Amino acid sequence: MKRTVPEKPVLEGLEAKWGERWEADGTYRFDRTKTRDEIYSVDTPPPTVSGHLHIGHCSSYTHTDLIVRYQRMRGREVFYPMGWDDNGLNIERRTQINYGVICDPSLPYDPAFRAPEKPPKDPIAVSRPNFVELCSQLTLELEEEYRTLWTALGLSCDWTYLYRTIAPDVTQISQLAFLRLVERGQAFRVEAPTLWDVDFQTSLAQADLEDREMPGAYHRIRFGDIEIDTTRPELIPACVALVAHPEDERFKPRFGTTVRSPLFGVEVPIVAHELADPEKGTGIAMICTFGDQTDVIWWRDLDLPVRSIMGRDGRLLPVEWDHAEAQRCYDELAGRSAKQAQKRIVELLRESGDLVGEPREITHAVKFWENGKRPLEIVTTRQWFIKFPPKDVLFERARALNFHPEFMQVRMENWIEGLAGDWNITRQRFFGVPFPVWYRMGPDGEVLWDEPIAAALDALPVDPSTDTPAGFTEAQRNQPGGFVGDPDVMDTWATSSMSPEYVSGWQRDPDLFERVFPMDLRPQAHDIIRTWLFYTVVRAEFEFGTLPFKEVAISGFVQDPDRKKMSKSAGNAEDDPFEVIAKNGADSLRYWAAGARPGRDLFVDRNQFKIGRRLAMKILNASRFALSFGEPDADATVTEAIDQALLASLRTTVAEATTAFESYDYSRARDVTEAFFWGFCDNYLELVKGRAYGNDAHSAAATASARRTLEVALSVQLRLFAPSMAYVTEEVWSWWQEGSIHRSSWPTTDEIDASGAGDDVATLDAASEVLAVVRRTKTEAKVGMRTPVARLEVRDTAERVAAIRMAEADLREAGVVTDLEIAEGDPNITVTLA
RNA sequence: GGGCGUAUAGCUCAGUUGGUUAGAGCGCAGCCUUCACACGGCUGAGGUCACAGGUUCGAGUCCUGUUACGCCCACCA
């Protein structure tokens with residue numbers, strides 16, 4: 001191919017130019033005629049569509065793209081779809097604000113409803129289907145921006161496989177998988193103590209929780225002659241027993257007896273359980289229904305009754321007591337929040353003399369929903385649960401996954417160890433995948449929650465709030481003898497845990513499924529090992545008894561330059577990804593991202609953007625230079641020792657970069673490539689430029705050798721850089737090669753051997769060192785590098801002398817040396833300037 | 001309470017199974033308008049490898065302990 005090298009290459013505009021070309025040429029289009037062993041499939045994490053993408057997103061998605069581009073060049077046909085995760089609370093919040101609406105599920109669907117231009121002061125109540133429509137509309141707008149950024153960043157996904165978690169086909173798969181679990185008894189609906197957020201009034205799963213250090217206080221309370229410590233005295237009316245360790249001598253005689261609770265006079269048994277810690281508090285604790293998860297365990301194990309006082313809104317429920325004194329006390333608490341009730345009951349206890357001493361302030365960890373404002377409560381509700389496979393099976397699966405980096409695996413094992421109970425997949429929200437289920441209504445209008453009517457599999461997806469179950473008419477909705485729709489939606493993870501099945505075409509495109517599943521790679525961040533990764537493994541176990549993917553590449557977080565954890569919405573305007581790309585080019589952003597070692601956190605570093613930009617410029621200029629000497633003749637071979645040495649060094653670099661990429665260490669691959677490249681520019685190019693020009697001092701064969709070497713070295717280096725510097729390498733490739741560099745083959749050591757590489761690098765190293773001394777002398781003399789050297793004397797060992805002599809002509813020209821003498825002797829270099 | 005990770009130059013980090021005098025980039029200082037690149041290039045200064053022991057001919061690297069920071073998990077009365 002004829003070389004067309006621009007006079008003044010620039011970075012500006014490369015993103016637009018190549019973005020369009022790649023899309024038009026289908027460069028990253030998946031070829032689905034390939035078979036499973038030829039394919040590399042990626043279970044891309046669909047970013048949550050909730051606002052703006054910040055530079056942290058760019059980092060982790062670039063990491064995946066680096067691996068993907070390497071695999072593609074290695075000859076694998078890459079299946080790399082992109083998706084948007086639209087489910088969830090974030091988008092509900094934004095919809096409420098953006099359109100000034102609020103969801104009222106009791107309202108009927110209004111097909112004619114349009115959101116007003118400007119959000120009104122008082123939110124308009126709309127039906128769930130209307131609300132979902134608005135959410136969907138908003139996500140479409142946001143997704144446009146997401147796609148624009150991903151394209152500019154140069155993610156090499158195949159956009160024809162784009163999916164949205166709210167779309168009907170994903171909903172269908174989610175509902176189908178759910179009904180299959182129900183059929184096999186792996187999902188079920190049961191009334192049980194459930195983690196509950198009192199502000200959002202939804203139930204939650206264990207994985208949604210986080211600990212927060214909160215101020216609290218120990219209150220010592222008298223139960224007859226026994227004293228207990230509690231941080232939640234307001235739950236005394238919910239107390240059902242006191243518990244101590246079975247071996248605790250202090251309480252052994254009391255097991256089986258009862259005491260009366262203060263204020264309420266309820267007779268509660270004293271029971272034994274090994275979870276009771278003799279070291280904590282007074283050694284004996286009260287069991288309430290329910291104060292925390294330990295209460296649930298005790299209640300279950302010891303078969304205790306329920307005495308429920310906590311309402312779903314976080315306020316104490318009205319309760320009838322069997323005697324007036326208890327009623328009088330409780331009436332002071334009913335209707336109050338937990339916090340207010342605590343304050344009041346402490347006063348009551350003090351008055352009654354049941355409070356021993358004063359409350360002692362402490363700081364302790366309290367369970368919160370990760371998006372919540374108030375501590376969780378545990379209330380008894382009816383929810384859909386998924387039962388987990390046995391832990392030993394889960395451990396086995398976790399250990400069979402290849403984690404990159406490896407140490408992230410223990411996080412999954414830790415999580416499995418700590419699993420308590422089943423997976424609650426029910427959320428009392430609106431924008432999500434509805435349960436494809438209705439319930440019969442009895443003749444008196446009571447809902448028969450234990451008699452679900454499942455949707456027909458071929459009818460999916462369904463929305464039970466608008467669709468009618470088979471055998472009923474819509475007129476029977478909410479009527480005695482009729483039906484009601486399931487009011488809830490699924491946990492967002494219940495849907496996204498089916499991502500490998502969904503993108504692979506499970507139950508939808510058997511041919512595709514055969515080719516890409518189980519998938520090769522799951523890239524994701526470490527914060528969702530306990531959710532997305534874990535749940536995905538669970539779902540594949542249930543459906544197939546296999547892992548959904550082989551490799552898991554964990555990326556770290558991005559933190560602000562001042563080392564604060566980057567918030568989802570914030571971030572300095574200067575670090576806005578669009579700004580960074582506009583200012584420094586997408587390659588500079590990719591370069592920065594490629595510098596993060598797998599699994600480790602990365603800081604936003606504007607300096608790195610500049611360095612990435614400089615590298616991109618250097619690639620343009622050095623390439624232009626290397627291609628400017630003219631093409632080598634067809635029969636030109638690498639004959640000069642220094643050229644052979646360069647290729648020998650390059651061979652090592654190729655081997656290292658390949659090994660690094662094979663173990664998913666894109667940052668090491670980038671580093672060794674970059675290090676080689678700067679040495680190539682600083683030393684090799686300087687040493688051989690005269691010969692490559694074809695100056696008189698050199699033979700035609702020597703010139704041909706240099707030109708051939710430059711061509712080989714450039715081609716190899718561009719391909720090594722291609723995963724990270726996707727745009728600039730493509731630009732240079734187009735000057736002299738056919739097709740996309742991203743569809744070219746990854747360089748191999750065999751390829752370099754075939755081009756005439758030598759066995760050692762001695763000549764290049766020795767010549768570079770001599771040249772460095774010449775430069776230093778000129779610098780110290782404060783003269784330009786073109787200043788001639790009158791005499792250069794090199795004394796070294798026989799071996800080194802031989803090596804340097806091989807590069808004598810190049811050295812003479814690069815150093816502008818008039819008189820060069822190389823001889824054996826004590827190592828020493830003398831430079832005499834003219 | 002259990003576990004994982006990190007600690008090397010002012011800053012960000014390399015340092016592969018222990019092997020001469022510890023590396024890079026940024027920043028800093030100085031120099032060079034050099035005919036690929038001033039959106040450059042060259043050169044230089046700069047380190048008690050967190051601390052304390054131990055193994056070894058030899059330790060940034062291996063072992064033990066300590067400290068600090070970050071994170072994960074936990075039944076947190």
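Convention: sequence-line order gives letters A, B, ...; per-chain numbering from 1. This structure is a prediction, so every number in the text was calculated from the model and none was measured.
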Colleague: What is the distance, rounded to the nearest whole Å, between atom CG of A:L209 and atom P of B:C73?
Modeller: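 My rounded result for the distance is 10 Å.
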Colleague: Do any side-chain nitrogens or oxygens of A:R614 fall under 4.0 Å of OP1 or OP2 in B:G41?
Modeller: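 For A:R614, the contact criterion (side-chain N or O under 4.0 Å from OP1 or OP2 of B:G41) is met.
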Colleague: Check ring-ring contact (aromatic ring centres under 6.0 Å, His included) between A:H404 and all other residues, then give those that pass, not counting sequence neighbours.
Modeller: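 Expected list: A:Y664.
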Colleague: For B:U21 versus B:U64, give the span between their C1' atoms, rounded off to a whole number of Å.
Modeller: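 Those two atoms are separated by 30 Å.
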Colleague: Using the closest heavy atom to pick a nucleotide of RNA chain B for each, name whichever of A:N607 or A:L602 lands nearer the 5' end.
Modeller: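 Closest to the 5' end, via its nearest nucleotide, is A:L602.
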Colleague: Restricting to ring-ring contact (aromatic ring centres under 6.0 Å, His included), what partner residues turn up for A:F680, sequence neighbours left out?
Modeller: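 If we apply the ring-ring contact (aromatic ring centres under 6.0 Å, His included) test to A:F680, skipping adjacent residues, the hits are A:Y684.
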Colleague: To the nearest Å, how far apart are A:M785 CE and B:U43 C1'?
Modeller: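 Checked: the CE to C1' distance equals 7 Å.
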Colleague: Within the structure shown, what part of the strands sits under 4.0 Å from A:K618 by heavy-atom distance: base, sugar-phosphate, or nothing?
Modeller: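 The residue A:K618 makes base contact.
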Colleague: A:R411 has an atom CZ; how far is it from atom C1' of B:A74, in whole Å?
Modeller: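 Rounding to the nearest Å, CZ of A:R411 and C1' of B:A74 are 15 Å apart.
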Colleague: Expressed in angstrom and rounded to an integer, what is the separation of A:F603 atom CZ from B:U6 atom P?
Modeller: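 Taking CZ of A:F603 and P of B:U6, I get 14 Å after rounding.
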Colleague: Given the P atoms of B:G46 and B:G1, what is the spacing between them in whole Å?
Modeller: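 It works out to 45 Å between them.
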Colleague: What pairs of residues pass the salt bridge (Lys or Arg N to Asp or Glu O under 4.0 Å) test when at least one of them lies in residues 289-304 of chain A, not counting sequence neighbours?
Modeller: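 Output for this query is empty, none listed.
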Colleague: Roughly, in whole Å, what's the span from CG in A:D682 to P in B:A36?
Modeller: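 Atom CG in A:D682 sits about 15 Å away from atom P in B:A36.
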Colleague: Using whole Å, what does the distance between atom C1' of nucleotide B:C32 and atom NZ of A:K782 come to?
Modeller: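 Computing the A:K782:NZ to B:C32:C1' distance gives 12 Å.
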Colleague: When rounded to the nearest Å, what value does the distance between C1' atoms of B:C57 and B:U20 take?
Modeller: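 About 14 Å, rounded to a whole number of Å.
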Colleague: Got a salt bridge between A:D229 and A:R360, using NZ or NE/NH1/NH2 to carboxylate O under 4.0 Å?
Modeller: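 Answer for the salt bridge query: yes.
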Colleague: Just to confirm, is there a sub-4.0 Å distance from OP1 or OP2 of B:G15 to any side-chain nitrogen or oxygen of A:R597?
Modeller: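 Answer is yes, contact under 4.0 Å.
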Colleague: Let me spell it out: for each of A:E780 and A:V410, pick the nucleotide of RNA chain B with the closest heavy atom. Which residue's pick is nearer the 5' end?
Modeller: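 That would be A:V410.
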Colleague: Stem ranges for RNA chain B, with three or more consecutive Watson-Crick or G-U pairs under 3.5 Å?
Modeller: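 Stems found: B:1-7 with B:67-73, B:10-13 with B:23-26, B:28-32 with B:40-44, B:50-54 with B:62-66.
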Colleague: Only counting residues at least two apart or in another chain, list the ones meeting side-chain hydrogen bond (donor to acceptor under 3.5 Å, both in side chains) with A:D810.
Modeller: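 Scan of A:D810 (side-chain hydrogen bond (donor to acceptor under 3.5 Å, both in side chains), adjacent residues dropped) gives A:R691.
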Colleague: Rounding to a whole Å, what distance do you find between A:F407:CZ and B:C73:P?
Modeller: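 About 15 Å, once rounded to whole Å.
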Colleague: Under the salt bridge (Lys or Arg N to Asp or Glu O under 4.0 Å) rule, what pairs show up with a residue in residues 232-241 of chain A, not counting sequence neighbours?
Modeller: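 For residues 232-241 of chain A, and leaving out neighbouring residues, the salt bridge (Lys or Arg N to Asp or Glu O under 4.0 Å) pairs sorted by first residue read A:R232-A:E234, A:R232-A:E377.
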Colleague: Students often get this wrong, so: under 4.0 angstrom with heavy atoms, is A:C288 touching a base, only sugar-phosphate, or nothing?
Modeller: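 Result for A:C288 = nothing.
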Colleague: Using a heavy-atom cut-off of 4.0 Å across all strands, would you classify A:Y693 as base, sugar-phosphate, or nothing?
Modeller: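 Sugar-phosphate only.
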Colleague: Between A:R775 and B:U43, does any side-chain N or O lie under 4.0 Å from OP1 or OP2?
Modeller: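 For B:U43, OP1/OP2 do have a side-chain N/O of A:R775 under 4.0 Å.
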Colleague: Taking only residues two or more places apart in sequence or in another chain, which ones pass side-chain contact (heavy atoms from CB on, under 4.5 Å) with A:S555?
Modeller: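 Partners of A:S555 by the side-chain contact (heavy atoms from CB on, under 4.5 Å) criterion, ordered by chain and then number, come out as A:S60, A:H63, A:A525.
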Colleague: Is the phosphate of B:A14, meaning OP1 or OP2, less than 4.0 Å from a side-chain N or O of A:R600?
Modeller: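 Answer yes for this pair, as a side-chain N or O of A:R600 is under 4.0 Å from OP1 or OP2.
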Colleague: Would you please name every residue forming a side-chain contact (heavy atoms from CB on, under 4.5 Å) with A:A657, sequence neighbours left out?
Modeller: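 Counting only residues at least two positions away or on another chain, A:A657 forms a side-chain contact (heavy atoms from CB on, under 4.5 Å) with A:A669, A:V672, A:T673, A:L720, A:W746.
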Colleague: What's the CD-C1' distance between A:Q559 and B:U12, to the nearest Å?
Modeller: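 Rounded to the whole Å, the gap is 13 Å.
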Colleague: Measuring only the P atom in each nucleotide, how far is B:C76 from B:A14? A whole number of Å is fine.
Modeller: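 It comes out at 37 Å once rounded to the nearest Å.
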Colleague: Tell me which residues in residues 653-675 of chain A lie within less than 4.0 Å of RNA chain B, going by non-hydrogen atoms.
Modeller: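 A:R668 - these, ordered by number, are the residues of the stretch whose heavy atoms sit under 4.0 Å from the strand.
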Colleague: Check whether any side-chain nitrogen or oxygen of A:K778 sits under 4.0 Å from OP1 or OP2 of B:C42, and answer yes or no.
Modeller: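 For B:C42, OP1/OP2 do not have a side-chain N/O of A:K778 under 4.0 Å.
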Colleague: How far, in whole Å, is B:A24 from B:G5 if one measures between their C1' atoms?
Modeller: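 Result for the C1' pair: 24 Å, nearest Å.
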Colleague: According to salt bridge (charged side-chain N to carboxylate O under 4.0 Å, His left out), who are the partners of A:D422, at least two apart in sequence or on a separate chain?
Modeller: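 Listed in chain order: A:K387.
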Colleague: When the P atoms of B:G19 and B:G58 are considered, how many whole Å apart are they?
Modeller: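 The same atom, P, in both gives a distance of 15 Å.
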Colleague: Below the 4.0 Å mark, does B:A36 have OP1 or OP2 next to a side-chain nitrogen or oxygen of A:Y684?
Modeller: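 Looking at the OP1 and OP2 atoms of B:A36, neither is under 4.0 Å from any side-chain N or O of A:Y684.
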Colleague: Return the polar atom pairs (N/O with N/O) between nucleotides 75-77 of chain B and the protein under 3.5 Å, or none.
Modeller:
| from | atom 1 | to | atom 2 | distance (Å) |
| --- | --- | --- | --- | --- |
| B:C75 | O4' | A:T294 | OG1 | 3.4 |
| B:C75 | O2' | A:T294 | OG1 | 3.4 |
| B:C76 | OP2 | A:K280 | NZ | 3.0 |
| B:C76 | O5' | A:K280 | NZ | 3.1 |
| B:C76 | O2 | A:A365 | O | 3.0 |
| B:C76 | N4 | A:K367 | NZ | 2.7 |
| B:A77 | OP1 | A:H364 | ND1 | 3.2 |
| B:A77 | OP2 | A:Y218 | OH | 3.2 |
| B:A77 | O3' | A:D229 | O | 2.8 |
| B:A77 | O3' | A:T230 | N | 3.2 |
| B:A77 | O3' | A:T231 | N | 3.1 |
| B:A77 | O2' | A:D229 | O | 2.5 |
| B:A77 | N6 | A:D277 | N | 2.6 |
| B:A77 | N6 | A:D277 | O | 2.4 |
| B:A77 | N1 | A:D277 | N | 3.1 |

Colleague: May I ask you to check whether A:F534 and A:F388 place their ring centers less than 6.0 Å from one another?
Modeller: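 Ring-ring flag for A:F534/A:F388: true, centres closer than 6.0 Å.
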Colleague: Taking only the P atom of each, what is the distance from B:G65 to B:C72 in whole angstrom?
Modeller: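 Between the two P atoms, the distance is 25 Å.
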Colleague: Hey, are A:R3 and A:E711 close enough for a salt bridge, meaning a charged N less than 4.0 Å from a carboxylate O?
Modeller: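 A:E711 and A:R3: salt-bridged.
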Colleague: Mind checking whether A:F677 and A:F721 have ring centres under 6.0 Å apart?
Modeller: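 Distance test on ring centres: under 6.0 Å, yes.
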Colleague: Please identify each residue that fulfils side-chain contact (heavy atoms from CB on, under 4.5 Å) with A:E12, with sequence neighbours left out.
Modeller: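 Once residues adjacent in sequence are excluded, the partners of A:E12 under the side-chain contact (heavy atoms from CB on, under 4.5 Å) criterion are A:V10, A:R613.
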Colleague: For B:U67 versus B:A22, give the span between their P atoms, rounded off to a whole number of Å.
Modeller: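 Rounded to whole Å, the distance is 31 Å.
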Colleague: Keeping the roles fixed (side chain from A:K391, backbone from A:L419), state whether a donor-acceptor pair exists under 3.5 Å.
Modeller: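 Confirmed, A:K391 side chain pairs with A:L419 backbone.
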